[in-house]
Protein chains: 2
Amino acid sequence: MKSAKHELGQRIEHFKQECSKAGVRLTHQRLEVFREIAEACDHPDASTVHKRLRKTMPTISLDTVYRTLWLLDDLGLISTLGPTRERTRFDANLDCHHHFVCSRCGMTRDFSSEEFDDLDPPPSVKTFGRIEMTRVEVNGLCRNCIAENAKPER
Amino acid sequence: MKSAKHELGQRIEHFKQECSKAGVRLTHQRLEVFREIAEACDHPDASTVHKRLRKTMPTISLDTVYRTLWLLDDLGLISTLGPTRERTRFDANLDCHHHFVCSRCGMTRDFSSEEFDDLDPPPSVKTFGRIEMTRVEVNGLCRNCIAENAKPER
DNA sequence: TTAGGTGCAAATTCTTTGCACCCTG
DNA sequence: CAGGGTGCAAAGAATTTGCACCTAA
């Protein structure tokens with residue numbers, strides 16, 4: 001719904017404004033990468049975006065897609081699913097629980113909440129498939145990152 | 001809380017039972033990998049687990065850690081954060097929204113819910129840091145995976 | 001004993017980087 | 001026109017795999 005056609009034009013306008021605001025050049029490649037992500041509803045990874053774009057831009061390179069995706073992320077125009085630029089992380093806590101994830105360093109901690117354990121997704125979600133578990137992810141800056149907010153991290 | 005010391009023994013017992021139930025040998029390496037994950041509260045990645053284990057088992061290899069982690073995951077003894085074995089995925093939907101993620105194939109779809117938009121984490125979460133966003137992740141099997149449930153996927 | 005498990009090293013796969021040429025502003 | 005941006009190819013990381021030896025059952 002949110003990515004509906006009638007909004008796409010506005011979002012592309014916004015993208016153009018943000019580029020010029022940030023002093024970043026508006027290239028054909030950047031525009032198409034943004035459009036592809038904005039139109040997709042399946043949250044593709046870099047290589048999928050590349051594959052799709054090649055149909056209309058046969059010469060676009062995978063590394064440009066990577067560079068552009070991270071640029072858009074830095075500009076706050078797109079975001080990533082799960083902890084950014086992180087490896088797969090493991091969890092041995094099988095009880096129902098929820099996560100706090102630092103959006104800067106990826107620090108992750110469990111917490112529990114009876115209220116959150118009983119969340120009931122809207123009926124429309126059932127059209128996607130069978131629901132097995134519902135979990136809350138809280139994002140924010142961890143104490144550590146707040147403390148060293150001035151220092152570089154990445 | 002959930003990983004408190006007094007529970008560790010029970011969890012290791014459970015792990016041993018599951019191994020024998022699955023016909024999988026109980027090796028020193030597997031036990032230590034499981035113990036490390038069960039004791040850690042920071043959801044380490046494979047290489048972090050390896051690094052920690054080398055202090056007490058200098059010869060354990062990184063590939064054994066990988067193999068063991070996925071084995072434990074298959075046995076349902078641990079789980080992963082975010083979409084399993086997936087690359088970084090991107091999201092251009094900046095409005096507040098929530099996700100349905102297929103636990104088998106990783107298919108991800110957005111949905112919205114006013115109720116979920118206003119969730120308020122328990123006060124204890126504030127001790128981790130500053131809260132910026134709260135989002136619900138619904139896990140389950142997507143229609144596609146339900147349909148081809150018999151076929152191999154991975 | 002003996003098949004499954006491990007360590008090592010090599011192979012894959014994914015992502016990033018250096019550099020020369022191109023195109024936006 | 002100038003400097004940022006792109007494509008290409010090569011480098012770097014992360015993860016997986018083949019194989020011979022080892023060990024739990």
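Just so we're clear, the structure is a prediction, and the values are computed from it rather than from any experiment. All values below were derived from every heavy atom in this structure, side-chain atoms included, with hydrogens, water molecules and symmetry-related copies excluded. Here is how names work: the chains are called A, B, and so on, in the same order as the sequence lines, proteins then strands, and each is numbered from 1.
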Ignoring backbone atoms, test whether [X] places a side-chain nitrogen or oxygen under 4.0 Å from the OP1 or OP2 oxygen of [N].
| X | N | value |
| --- | --- | --- |
| S61(A) | dG7(D) | yes |
| S20(A) | dG25(C) | no |
| T59(A) | dT6(D) | no |
| Q29(A) | dG7(D) | yes |
| T64(A) | dG7(D) | yes |
| W70(B) | dT15(D) | no |

Any donor-acceptor pair under 3.5 Å between the side chain of R25(A) and the base of dG5(D)?
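Check fails, no donor-acceptor contact within cut-off.
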
Look at the side-chain heavy atoms of Ile, Leu, Val, Met, Phe, Trp and Tyr, link any pair under 4.5 Å apart, and say whether [X] and [Y] land in one connected group.
| X | Y | value |
| --- | --- | --- |
| L81(B) | I78(B) | no |
| L72(B) | I12(B) | yes |
| L94(A) | L75(B) | no |
| V33(B) | Y66(B) | yes |

Position toward the 5' end of DNA chain C (nearest nucleotide), D63(B) or T88(B)
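Per heavy-atom nearest nucleotide, the more 5' residue is D63(B).
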
Would you kindly compare T27(A) and A46(A) by the position of their nearest DNA chain C nucleotide and give the one closer to the 5′ end?
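Its nucleotide being nearer the 5' end, the pick is A46(A).
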
From C-beta outward on R30(A), which listed nucleotide comes closest to its side chain: dT6(C), dT6(D), dC14(C)?
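For the R30(A) side chain, the nearest candidate turns out to be dT6(D).
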
Write down the distance between [atom1] ([X]) and [atom2] ([N]), rounded to a whole number of angstrom.
| X | N | atom1 | atom2 | value |
| --- | --- | --- | --- | --- |
| M57(A) | dC8(D) | CE | P | 12 Å |
| L31(B) | dA25(D) | CG | P | 11 Å |
| E86(B) | dT15(D) | CD | P | 14 Å |
| L69(B) | dG5(C) | CG | P | 16 Å |
| H50(B) | dT6(C) | NE2 | C1' | 12 Å |
| D45(A) | dC14(C) | CG | P | 8 Å |
| F90(B) | dC14(C) | CZ | C1' | 12 Å |
| L62(A) | dT17(C) | CG | P | 14 Å |

Kindly indicate whether the side chain of L119(A), heavy atoms from C-beta on, has any atom under 4.5 Å from the side chain of L119(B).
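Result yes, sub-4.5 Å side-chain heavy-atom pair found.
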
Have a look at [X] and say if it touches a base, only the backbone sugar-phosphate, or nothing, with a 4.0 Å heavy-atom cut-off.
| X | answer |
| --- | --- |
| S47(A) | nothing |
| R67(A) | base |
| L26(A) | sugar-phosphate |

I'd like to know if R52(B) and D42(B) make a salt bridge, using a cut-off of under 4.0 Å between side-chain N and carboxylate O.
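So R52(B) pairs with D42(B) through a salt bridge.
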
